[in-house]
Amino acid sequence: MEKEFKEKLLQFVEEAIKEDVGPGDYTTLSTIDESKQGEAQLLVKESGIIAGIEVAKEIFLAIDPNLHFEILLKDGDTVKYGDIAFRLRGAIHTILKGERLVLNVMQRMSGIATQTAKYVAAIAGTKARVLDTRKTTPLLRFLEKKAVELGGGVNHRFALYDMILIKDNHVDYAGGITAAVNSALSYKREHNLNIPIEVEVRNFDELKEVIAIGKVDRVMFDNFTPTQVKEAVDLVNGQLVTEASGGITLDTIAEYAKQGVDFISVGALTHSVKSLDLSLKAKLI
C-alpha cells in the first residue's frame, strides 16, 4: 500500500471511528465482557469483484494492532456467494467497533469495482480504456478511485490540481476556447507547472479550433454520438489523445469504443453504483 494512500486511509479511519463510536459503543460495552476474544469472517453474499480487503486490514489494525488478520482472497478477485474474503481473530470489542466501517467501505468499493469490470468487459478487444471522473463521494475519492483500478478501469485526474481540464463553463467564462487555452498555457509557464491540458469540445467548430491551436494534450468529445466520435477521431488524426464523455452507458459504450477513441469516461462508475452485498459473521473462540 503506497504511503500517500495509507496516510489518507489512517486519517479517514480516525474521523470515521469518531463519527460512528463517539464516546463509546454502549451496546457492546453493556453486553459483552471486554476480555472476551472472538473470530469473524467476511462472507460474500453476491457475485462480483471484491475490493477493499487490504483497506479492511488497515482499518482493523489501526483500531487494534493486536488483531490477527488472515487474507483469503485478493483485491480484484471475481467472487460468488459463499466465498470468504478474510478471517480475523482478537478482542470482540475491537471486531464490533470496526465492523460497520469495514462493511460500508468494502461494499461500496466492491460495487464500484464490479460496475467498472462490466464496462471494461464491454469494450474488450478495442483500444479504448474506461476512465472514472470526479463524480465521487466527498472525502472518499481515494477509496472509490482505487476501486475503479481494481475493476480494471483507469483513473482520470484525481482532483483539480493534477490536470488543467478546460470544460464548457471555463470556455464560456474565459471568452472562448482560444482565450482559455492561451491563458492556461501562460499560467503553466508562469507557475512552472508540469501538468497536462485537456479541452472539452461540444461541436466540430470547437474541435477544429483546438486542433489549430495545438499545444494541448487531450481533447474530450462531450455528448457526441458514436458516428460523430468516429469523425472527430479521424479529424484529430493522432495529434491528440482522445476521450469520449457524456451519458455513455453500459449499453452504448461498445459502440463508442469501436470508433477508435483512446478513452471513455463514465461518471456512473462512482456516482450511481449499487454496493455489493457482504457480511461480517462472528463466532466465539
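Each residue takes its place number in the sequence, starting with 1.
Counting non-hydrogen atoms of neighbouring residues, nucleotides and ligands closer than 6.0 angstrom, the CD atom of E4 reaches no more than 12 such neighbours. For NZ of K135, the number of neighbouring non-hydrogen atoms (other residues, nucleotides, ligands) closer than 6.0 Å is 12 at most. Within 6.0 Å of CG on L139 lie no more than 12 heavy atoms contributed by other residues, nucleotides or ligands. Other residues, nucleotides and ligands place more than 12 heavy atoms under 6.0 Å from the NZ atom of K8. Other residues, nucleotides and ligands place more than 12 heavy atoms under 6.0 Å from the OH atom of Y161.
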Item to check | Stepwise side chain to side chain contact (heavy atoms under 4.5 Å, CB included) check, V216 with L185 | outcome: CA-CA 9 Å; V216 303; L185 290 168; 5.6 Å; no

Checklist entry - Passes side chain to side chain contact (heavy atoms under 4.5 Å, CB included), L280 versus L88? Steps please. => result CA-CA 10 Å; L280 192 71; L88 69 158; 4.2 Å; yes

Checklist entry - Can T242 and R218 be said to form a side chain to side chain contact (heavy atoms under 4.5 Å, CB included), step by step? => result CA-CA 6 Å; T242 57; R218 182 182 295 187; over 6 Å; no

Next on the checklist: Pair V199, V181 - check side chain to side chain contact (heavy atoms under 4.5 Å, CB included), show working.
Outcome noted: CA-CA 8 Å; V199 183; V181 170; 3.8 Å; yes

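Interatomic distance, CG of L42 versus OG of S110, reported as 8.0 Å (0.5 Å rounding). Interatomic distance, NZ of K258 versus CD1 of I123, reported as 12.0 Å (0.5 Å rounding). Here the OG-CD distance, from S272 to Q115, works out to 6.5 Å after rounding to the nearest 0.5 Å. We find the NZ-CZ distance between K167 and R202 to be 10.5 Å, quoted to the nearest 0.5 Å. Atom CG in L140 sits 5.0 Å away from atom CZ in F12 (nearest 0.5 Å). We find the CD1-CD1 distance between I177 and I166 to be 8.5 Å, quoted to the nearest 0.5 Å.
Pairing each heavy atom of T27 with each of T31, the nearest pair is O-OG1, 2.7 Å. Taking each heavy atom of A179 and A174 in turn, the nearest pair found is CB-O, 3.5 Å. Closest non-hydrogen pair, A232 versus L207, comes out as CB-CD2, 3.6 Å. Scanning both residues, Q107 and L278, for their nearest heavy atoms gives NE2-O, 3.0 Å. Closest non-hydrogen pair, A122 versus L250, comes out as CB-CD1, 4.2 Å. Of all non-hydrogen atoms in V229 and F224, the two that sit nearest each other are CG2-CB, 3.7 Å.
Cation-pi geometry between K127 and Y256 is not met: the NZ or CZ atom fails to fall both under 6.0 Å from the ring centre and inside 45° of the normal.
Put simply, I71 and M109 are part of the same group of oily side chains (I, L, V, M, F, W, Y) that touch within less than 4.5 Å, one to the next. Taken together through direct or relayed side-chain contacts under 4.5 Å among Ile, Leu, Val, Met, Phe, Trp and Tyr, Y187 and V210 form part of one hydrophobic cluster. Linking Ile, Leu, Val, Met, Phe, Trp and Tyr residues whenever their side-chain heavy atoms come within less than 4.5 Å places V219 and V261 in a single cluster. In the hydrophobic clustering of ILVMFWY residues, with side-chain heavy atoms under 4.5 Å counting as a link, L131 and V120 come out apart. With hydrophobic clusters built from ILVMFWY side chains whose heavy atoms lie under 4.5 angstrom apart, V105 shares a cluster with I17.
In this structure, the side chains of D168 and V171 stay at 4.5 Å or more apart for every pair of heavy atoms. Side-chain contact between F142 and T136 is absent, with no heavy atoms from C-beta onward closer than 4.5 Å. Between L67 and I95 there is a side-chain heavy-atom pair separated by less than 4.5 Å. At least one side-chain heavy atom of T270 sits less than 4.5 Å from a side-chain heavy atom of V148. Using a 4.5 Å cut-off on side-chain heavy atoms (C-beta onward), V241 and D217 make no contact. In this structure, I211 and L235 have side chains that are in contact, with non-hydrogen atoms separated by less than 4.5 Å. For the pair F5 and L143, the minimum side-chain heavy-atom distance is below 4.5 Å. Side-chain contact between R108 and T137 is present, with heavy atoms from C-beta onward closer than 4.5 Å.
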Identify each donor-acceptor pair in which a side-chain atom of residues 45-62 lies under 3.5 Å from a protein atom, sequence neighbours left out, and give them as a table.
{"unit_1": "E46", "atom_1": "OE1", "unit_2": "K274", "atom_2": "NZ", "d": "3.1"}
{"unit_1": "E46", "atom_1": "OE1", "unit_2": "D277", "atom_2": "N", "d": "2.9"}
{"unit_1": "E46", "atom_1": "OE2", "unit_2": "K274", "atom_2": "NZ", "d": "2.9"}

Show every donor-acceptor pair shorter than 3.5 Å between a side-chain atom in residues 96-104 and any protein atom, with sequence neighbours excluded, or say none if there are none.
{"unit_1": "R100", "atom_1": "NH1", "unit_2": "N104", "atom_2": "OD1", "d": "3.4"}
{"unit_1": "N104", "atom_1": "ND2", "unit_2": "R100", "atom_2": "O", "d": "3.4"}

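Between F221 and F263, the distance from one ring center to the other does not fall under 6.0 angstrom.
Side-chain atoms of E243 and H156 form a donor-acceptor pair, as typed in the model, at a separation below 3.5 Å. Defined by atom type and a distance below 3.5 Å, a donor-acceptor pair is present between the side-chain atoms of T178 and E209. With no hydrogens or angles considered, a side-chain donor-acceptor pair links T249 and T252 at under 3.5 Å.
Looking only at distances, a side-chain donor or acceptor of H93 sits under 3.5 Å from a matching main-chain atom of I32. Without hydrogens or angle criteria, R129 side chain to G152 main chain gives no donor-acceptor distance under 3.5 Å. No donor-acceptor pair closer than 3.5 Å links the side chain of E231 to the backbone N or O of T227. At distances below 3.5 Å, not a single donor-acceptor pair connects side-chain atoms of D172 with backbone N or O atoms of N169. Without hydrogens or angle criteria, R141 side chain to F158 main chain gives a donor-acceptor distance under 3.5 Å. D33 places a side-chain N or O within donor-acceptor distance of the main-chain N or O of S35, the cut-off being under 3.5 Å. Using a distance-only test at 3.5 Å, with no hydrogens or angles considered, a donor-acceptor pair links the side chain of Q239 to the main chain of V236. Remark: side-chain polar atoms of K145 are paired, donor with acceptor, to backbone N or O of R157 under 3.5 angstrom. Listed for the T28 side chain is no donor-acceptor partner under 3.5 Å among the backbone atoms of D25. A donor-acceptor pair is defined here as one N or O able to donate and one able to accept, closer than 3.5 Å; such a pair exists between the side chain of Q228 and the backbone of T225.
Ion pairing of R87 with E39 is absent here, as no side-chain N (NZ or NE/NH1/NH2) approaches a carboxylate O to less than 4.0 Å.
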